[in-house]
Amino acid sequence: MKSFLSCETELRKVLIPQNRLQERVSELGHEISRDFLGKDLAIVAILKGSFIFAADLLRAIEIPCSIDFMGISSYASQPGSGVVQITKDLDESIAGRNVLLVEDIIDTGLTANYLLNNLSQRNPASVDICALLDKSARRIIDLPIPYRGFDIPDVFVVGYGMDFQQQYRNLPHISVLRLNGGTKTNSEATVSDPADSKSES
Ligand code: IMP
Ligand code: MG
């Protein structure tokens with residue numbers, strides 16, 4: 001399919017269709033509800049990429065919880081440095097609370113590692129990661145990800161909140177993006193869902 005926004009990029013294939021996203025987010029919501037039952041759950045969603053995932057996840061969580069947002073500098077600004085600029089901090093204290101850090105995608109792990117350290121310094125009762133996507137093959141820093149939607153290969157993805165140059169966030173599914181003249185994708189990409197080990201294309 002041709003990009004509807006730019007002649008320099010091309011949407012290659014749907015990696016995760018809308019119905020699989022909905023099913024998996026619902027499963028994650030059940031798991032989180034079970035594990036945090038009776039606890040003071042504070043969802044911290046990282047802007048901008050996780051905003052659609054966080055909105056759906058919140059509605060799949062069946063126990064009381066709050067949500068707050070942190071804005072961080074974009075992926076392209078300092079790739080690989082592990083340095084993250086906080087552009088919007090939390091509005092509320094997380095001291096003594098059980099924090100669930102909601103991310104769109106864990107790639108090298110540098111961003112999530114920075115955020116884990118940052119949040120841990122605010123004296124929460126606990127901090128756990130919930131990531132919709134995991135590019136585990138690219139991991140530099142080993143991180144525990146107790147709530148993980150899908151493991152994906154080393155491809156650049158957009159949609160369901162995730163962008164390329166601020167575009168494509170509005171796609172209802174997750175697609176592989178190909179940068180013409182570049183190698184942002186592998187057309188044989190498949191995705192695996194930790195809930196069932198079979199892969200789909
Ligand atoms: P990391 O620090 O390398 O783990 O990068 C994580 C961040 O990079 C994610 O939260 C995304 O914002 C961004 N990112 C990494 N891979 C992709 C991708 O395929 N599409 C869109 N954003 C991505
Ligand atoms: Mg992100």
Side-chain angles (χ1 to χ4, degrees), residues 3 5-6 8-17 21 25 28 43-57 68-88 99-120 127-180 182-192 201:
S3 162
L5 287 166
S6 164
E8 291 168 5
T9 58
E10 185 185 351
L11 294 171
R12 284 303 293 266
K13 61 180 286 189
V14 174
L15 190 64
I16 310 176
L21 285 170
V25 171
L28 289 172
I43 307 287
V44 171
I46 307 305
L47 298 172
K48 299 175 187 172
S50 76
F51 83 105
I52 292 179
F53 172 45
D56 284 347
L57 183 68
D68 204 347
F69 299 92
M70 260 176 106
I72 58 171
S73 63
S74 73
Y75 181 68
S77 62
Q78 293 170 301
S81 70
V83 177
V84 172
Q85 188 194 351
I86 295 176
T87 55
K88 184 218 168 289
V99 173
L100 190 64
L101 176 62
V102 173
E103 261 284 32
D104 50 359
I105 178 165
I106 312 280
D107 186 1
T108 62
L110 290 167
T111 306
N113 186 57
Y114 176 92
L115 291 169
L116 270 184
N117 290 335
N118 182 289
L119 294 174
S120 297
V127 189
D128 291 293
I129 298 177
C130 175
L132 178 65
L133 305 179
D134 183 4
K135 275 191 207 175
S136 55
R138 282 180 43 86
R139 191 65 30 78
I140 290 175
I141 295 182
D142 195 26
L143 288 171
I145 308 176
Y147 306 101
R148 185 172 66 144
F150 302 89
D151 193 53
I152 65 164
D154 182 11
V155 291
F156 196 85
V157 292
V158 291
Y160 198 62
M162 283 169 283
D163 75 309
F164 175 69
Q165 295 181 348
Q166 301 302 325
Q167 300 298 330
Y168 304 110
R169 294 192 198 275
N170 54 322
L171 292 175
H173 49 258
I174 291 176
S175 265
V176 174
L177 189 77
R178 176 170 175 272
L179 195 58
N180 287 335
T183 52
K184 272 200 179 292
T185 188
N186 164 7
S187 60
E188 300 307 314
T190 58
V191 59
S192 73
S201 53

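In listed order, ligands and their atoms are each counted from 1.
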- request: Taking only heavy atoms of Lys135 into account, list the atoms of ligand 1 that are under 4.0 Å away from them.
  value: 16 (N), 17 (C), 18 (C), 19 (O)

query: Could you state the interatomic distance from CG (Leu101) to SG (Cys130), rounded to the nearest 0.5 Å?
result: 9.0 Å

- request: Between Arg138 and ligand 1, find which residue part has any heavy-atom pair under 4.0 Å and reply side chain, backbone, both or neither.
  value: neither

task: Could you tell me which atoms of ligand 1, counted from 1 in the order shown, lie closer than 4.0 angstrom to a heavy atom of Thr108?
output: 1 (P), 2 (O), 3 (O), 4 (O)

message: Under 4.0 Å from a heavy atom of Glu103: which atoms of ligand 1 are those, numbered in the order shown and with their elements?
response: 10 (O)

- prompt: Do you know which two heavy atoms are closest between Ile152 and Ile105, and how far apart they sit?
  reply: CD1-CD1, 3.9 Å

Sub-3.5 Å N/O-N/O distance, Gly109 and ligand 1: yes

message: I'd like to check whether Val158 has a polar contact with ligand 1, where a contact means an N/O of the residue lying under 3.5 Å from an N/O of the ligand.
response: no

- prompt: Just distances here: any N/O of Ile106 and N/O of ligand 1 closer than 3.5 Å?
  reply: no

message: Which residue in the set Asp107, Asp151, Asp134 passes salt bridge (charged side-chain N to carboxylate O under 4.0 Å, His left out) when paired with Arg139?
response: Asp134

- prompt: Which ligand 1 atoms are under 4.0 Å away from a heavy-atom of Val155?
  reply: 19 (O)

Backbone or side-chain N or O of Thr111 under 3.5 Å from ligand 1 N or O: yes

message: When you measure from the heavy atoms of Asp163 to every atom of ligand 1, does any distance fall below 4.0 Å?
response: yes

- prompt: Between Leu115, Ile141, Val157, which one has a non-hydrogen atom sitting closest to atom 19 (O) of ligand 1?
  reply: Val157

Side-chain donor/acceptor of Ser73 to backbone N/O of Val84, under 3.5 Å: no

query: Is it the case that more than 12 heavy atoms not belonging to Asp142 sit under 6.0 Å from its CG atom?
result: no

message: I need the His173 NE2 to Ile16 CD1 distance, nearest 0.5 Å.
response: 11.0 Å

- request: Sequence neighbours left out, what passes salt bridge (Lys or Arg N to Asp or Glu O under 4.0 Å) with Asp163? Give chain and number order.
  value: Arg169

task: Identify the two heavy atoms, one from Leu47 and one from Ser50, that lie closest to each other, and give their separation to 0.1 Å.
output: N-OG, 4.5 Å

